[in-house]
Amino acid sequence: MNRVYSKIWWVGLLVPMILGGLVFPVTAQEETGTGYEVIAEALVVKDNFVRARKQAVKLALEMALEQNLRELFGDDEFEHNQWEIKKMLKKPARFVKSYRFIEAYDDPVQLLSRVKLEVVLFQDAVHRALSRSGITSGMEGEKQVVILINEISSSSNNDLRFWDRVSISEASLVRSFIEAGIPVVVRDTIRHAISEEMVMSAIKGNVSAAVSIGLKAGADIVIVGNATLALVDDQEVQGARSVRAAISVKTVSSHRSMLVAAKSDFATVSGSGILTGEVEAFHRVGGKLTEFLIPTIQRHWESNPEKKEPQLVPAQKAGSLPLSLGDL
């Protein structure tokens, strides 16, 4: 028993040193990361608490990756692709950008090691692995666009949920892209596969959420943003009002997990009926945006840089003894 407590004391001495910072920064290029908080535990065999701690960490990384994949596909699709997904879950460390201990506890009575980790995954590495496995149905070759605009108008019911609204600005952008010969994924085909929370997160600037939308929609380019329309003044002359439409969008590549472009613009229409003015104002500002976005997206597709897997390089600090991912 003394030997057991001696080992517990030694592990307890190492924990503060290990908690000093297990961070694996990107060395070659910036990669999009998605974070998860997970709890895992492992049984202690032959009083080896250090080995149990490593097993608990590996299990936590696997749990974070599984949670990410379930979010991408949903439970039914996740189960349908179990064979390929299990291959990824066997080596979760390949997809980990960084992790840190929130809590760590070794139980000498129940003989188990428990950890609570914050795990950040390389989202684009996950997507590339899925694409290579064929789960994403050859996304790499699909030059499609999905456009989702959160529109707020002074003359519309803004209390409706995102998927239930009719977005004039979104329809205008979709039409412009189709006229330019660029395939667009229609919102009605994906509304049941993508949650409103994910869309709103992407609109707020979450690149990982935008990447997930692209994966689910089978589109490389995801354009998300906000549109507003307001009356310019309070005077109405013979039923005509001046209206101003403004659109702000971000364009994300789901293949490369990167922001391709961001653009904002506005247009004002005077002397028209309110509904006619709204349509015309959004048409004008949409035209301005597409004049910039379409050439930018086409250059992005033509560049086709060589893809590289991210390299995980442990950050060594004086006095710290990080667990090596290679040992997990």
Side-chain angles (χ1 to χ4, degrees), residues 145-180 182 184-192 194-214 217 219 221-252 259-297:
V145 174
V146 59
I147 303 173
L148 299 171
I149 306 296
N150 183 40
E151 185 176 304
I152 303 297
S153 171
S154 58
S155 63
S156 302
N157 183 358
N158 299 316
D159 294 330
L160 295 175
R161 297 183 66 82
F162 175 81
W163 290 114
D164 296 327
R165 298 181 202 164
V166 176
S167 175
I168 300 174
S169 55
E170 182 180 308
S172 178
L173 289 172
V174 167
R175 183 177 64 181
S176 295
F177 273 80
I178 292 175
E179 289 176 350
I182 297 177
V184 178
V185 179
V186 183
R187 67 152 50 198
D188 287 343
T189 64
I190 60 174
R191 61 179 299 165
H192 298 297
I194 300 171
S195 68
E196 179 174 341
E197 290 72 21
M198 180 176 290
V199 174
M200 299 311 295
S201 179
I203 289 173
K204 291 176 182 178
N206 187 330
V207 176
S208 295
V211 169
S212 296
I213 290 172
I221 294 297
V222 179
I223 299 175
V224 290
N226 292 294
T228 58
L229 189 137
L231 300 175
V232 176
D233 53 53
D234 295 328
Q235 295 184 353
E236 182 174 347
V237 180
Q238 297 180 348
R241 301 289 292 269
S242 295
V243 294
R244 174 173 293 177
I247 306 177
S248 177
V249 298
K250 293 180 177 65
T251 303
V252 173
L259 180 67
V260 175
K263 180 71 172 176
S264 299
D265 216 321
F266 70 92
T268 302
V269 173
S270 303
S272 300
I274 294 178
L275 180 58
T276 303
E278 289 183 0
V279 175
E280 179 61 24
F282 275 130
H283 177 68
R284 290 184 185 181
V285 68
K288 292 181 181 180
L289 289 176
T290 51
E291 286 179 1
F292 167 77
L293 292 175
I294 290 177
T296 301
I297 292 169

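Numbers for residues simply follow the sequence, beginning at 1. In this text, all values refer to a predicted model and were calculated from it rather than measured experimentally.
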(request) Locate the shortest heavy-atom distance separating S264 from S248; write the atom from each residue and the value. (result) OG-OG, 2.8 Å
(request) Rounded to the nearest 0.5 Å, what's the gap from CG on N150 to CD on E196? Could you check? (result) 8.0 Å
(request) Verify, without hydrogens or angle tests, whether T290 (side chain) and L293 (backbone) share a donor-acceptor contact under 3.5 angstrom. (result) no
(request) Report yes if some heavy atom in the side chain of I297 is under 4.5 Å from a heavy atom in the side chain of T251; otherwise report no. (result) yes
(message) How close do V224 and I203 get, counting heavy atoms only, and between which atoms?
(response) CB-CG1, 3.9 Å
(request) Check G286 against I247 and note the closest heavy-atom contact, atom names and distance. (result) N-CD1, 4.3 Å
(message) Under the rule for salt bridge (Lys or Arg N to Asp or Glu O under 4.0 Å), what residues qualify as partners of E179, not counting sequence neighbours?
(response) none
(message) Donor-acceptor pair, distance only, cut-off 3.5 Å: does the side chain of W163 make one with the backbone of H192?
(response) no
(request) Assess whether side chain to side chain contact (heavy atoms under 4.5 Å, CB included) is satisfied between I294 and I182, documenting all intermediate values. (result) CA-CA 9 Å; I294 290 177; I182 297 177; 3.9 Å; yes
(message) Once rounded to the nearest 0.5 Å, what's the spacing between atom CG of L229 and atom CD of E278?
(response) 4.5 Å
(request) Measure from NZ or CZ of R187 to the centre of the six-membered ring of F162 and say whether it is under 6.0 Å with the direction within 45° of the ring axis. (result) yes
(message) Under the criterion side chain to side chain contact (heavy atoms under 4.5 Å, CB included), I'd like the reasoning laid out for R191 against D164: C-alpha separation, chi angles, the key distance, then a yes or no.
(response) CA-CA 10 Å; R191 61 179 299 165; D164 296 327; 3.0 Å; yes
(message) Under the criterion salt bridge (charged side-chain N to carboxylate O under 4.0 Å, His left out), I'd like the reasoning laid out for E151 against R165: C-alpha separation, chi angles, the key distance, then a yes or no.
(response) CA-CA 8 Å; E151 185 176 304; R165 298 181 202 164; over 6 Å; no
(request) Specify the closest pair of heavy atoms between A219 and V185, including all atoms of both residues, with the distance to one decimal. (result) CB-CG2, 4.1 Å
(request) Report the distance from atom CG of N206 to atom NZ of K250, rounding to the nearest 0.5 Å. (result) 11.0 Å
(request) Compare every heavy atom of T268 with every heavy atom of R244, then report the nearest pair and how far apart it is. (result) NE-OG1, 3.1 Å
(message) If the condition is side-chain contact (heavy atoms from CB on, under 4.5 Å), which residues does D265 pass it with, not counting sequence neighbours?
(response) K263, V285, K288, L289
(request) Mind running side chain to side chain contact (heavy atoms under 4.5 Å, CB included) on V146 and I213 for me, showing each step along the way? (result) CA-CA 8 Å; V146 59; I213 290 172; 4.2 Å; yes
(request) Walk me through it: do K204 and E197 pass the test salt bridge (charged side-chain N to carboxylate O under 4.0 Å, His left out)? (result) CA-CA 11 Å; K204 291 176 182 178; E197 290 72 21; over 6 Å; no
(request) Locate the shortest heavy-atom distance separating F282 from S169; write the atom from each residue and the value. (result) CD2-CB, 3.5 Å
(request) Using a 4.5 Å cut-off on heavy atoms from C-beta on, say whether the side chain of N226 contacts that of I149. (result) no
(message) Taking S172's backbone N and O only, do any of them form a donor-acceptor pair with S176's side chain (distance below 3.5 Å, no angle check)?
(response) yes
(request) Evaluate the criterion side chain to side chain contact (heavy atoms under 4.5 Å, CB included) for residue pair V184 and V186; output intermediate values, then yes/no. (result) CA-CA 6 Å; V184 178; V186 183; 5.7 Å; no
